[in-house]
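First comes the structure, then the notes that go with it.
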Amino acid sequence: MKIIIAGATGNIGRKALEEALHHPDVTAVVALVRRELDVQHSKLQTLVKRDFSSYSEAELEKLKGAQSCIWALGGPLSPLEVHSTYPRAALSTFSTVLAPHTPTHKPFHFILLSGALIPRTENGVLSQVPVVKTFVERGRVEQEIEAYSAAHEDWQSIIVRPSVVVAKDSWPETL
């Protein structure tokens, strides 16, 4: 199985990459990243991008044959485009170019890493505070991705909403 991992240089994306590279069912991994990886592996192909709002034909050619994508791009306070424009572009592109052509003819799996504090509704006056406004928009993106999944048999979405992420070896031993 070939998978895409967007954001493979971050805490969660990096761990997903490590697990994927060592999983026997994963035959190929395309890492969509904003900077070079310091990982070498026979299963790994790295695609460095600055702008995730569109994909060239050459980039799509590298992604063809993928059956799933783990979208872990950006941190909690990344700019709005990272959490709205970029995943929407992935949905639009991957759903039309990749999902209809999965090698197994099973649904394309899109796993969106979100956050525990992402609201699904607007919170009145608080929704005008810049960071809250970004969180509200992220909630809209989640809803759009889930709605697309519900309406299309060749697409399955999973929204992951961790509340805390602890980097390896950073948790105090006393706890």
When rounded to the nearest 0.5 angstrom, what is the spacing between [atom1] in [X] and [atom2] in [Y]?
X	Y	atom1	atom2	answer
D38	Q40	CG	CD	9.0 Å
T27	K2	OG1	NZ	8.5 Å
S95	F110	OG	CZ	9.5 Å

Which atom of [X] lies closest to which atom of [Y], heavy atoms considered:
X	Y	answer
I118	E142	CG2-OE2, 3.7 Å
A31	L37	CB-CD1, 3.6 Å
E81	P87	O-CD, 4.3 Å
T134	S78	CG2-O, 4.4 Å
F135	P76	CE1-O, 3.5 Å
G13	I5	O-CG2, 3.9 Å

Please examine the side chains of [Y] and [X], heavy atoms only from C-beta on, and report whether any two atoms are closer than 4.5 Å.
X	Y	value
L21	H23	no
I4	W71	no
L91	V141	no
S114	R138	yes
R161	L117	no
L17	L44	yes
R88	S84	yes

Report task. Given side-chain contact (heavy atoms from CB on, under 4.5 Å), test L63 with V97 step by step and report yes or no. Result -> CA-CA 9 Å; L63 301 177; V97 177; over 6 Å; no

Query raised in the report: Does the distance from a Lys or Arg side-chain N to an Asp or Glu carboxylate O, for E137 and R140, drop under 4.0 Å?
Result: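 Salt bridge flag = yes for R140 with E137.
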
Requested in this report: Consider only side-chain heavy atoms of I, L, V, M, F, W and Y, link residues closer than 4.5 Å, and tell whether L112 and L73 are in one cluster.
Outcome: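 Yes; L73 is reachable from L112 via cluster members.
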
Report task. Verify the ring-centre separation between F94 and Y55: is it less than 6.0 angstrom? Result ->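 Yes, ring centres under 6.0 Å apart.
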
Short side-chain to backbone donor-acceptor contact, [X] and [Y], under 3.5 Å:
X	Y	value
S68	H109	no
H22	E18	yes
K49	R35	no
H101	T96	no

Report task. May I have the step-by-step check of salt bridge (charged side-chain N to carboxylate O under 4.0 Å, His left out) for E61 and K64, ending in yes or no? Result -> CA-CA 5 Å; E61 194 59 39; K64 282 188 179 169; 3.5 Å; yes

Requested in this report: Please check if any side-chain donor atom of Q67 sits under 3.5 Å from a side-chain acceptor atom of T104, or the reverse.
Outcome: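 Indeed, the side chains of Q67 and T104 share at least one donor-acceptor pair under 3.5 Å.
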
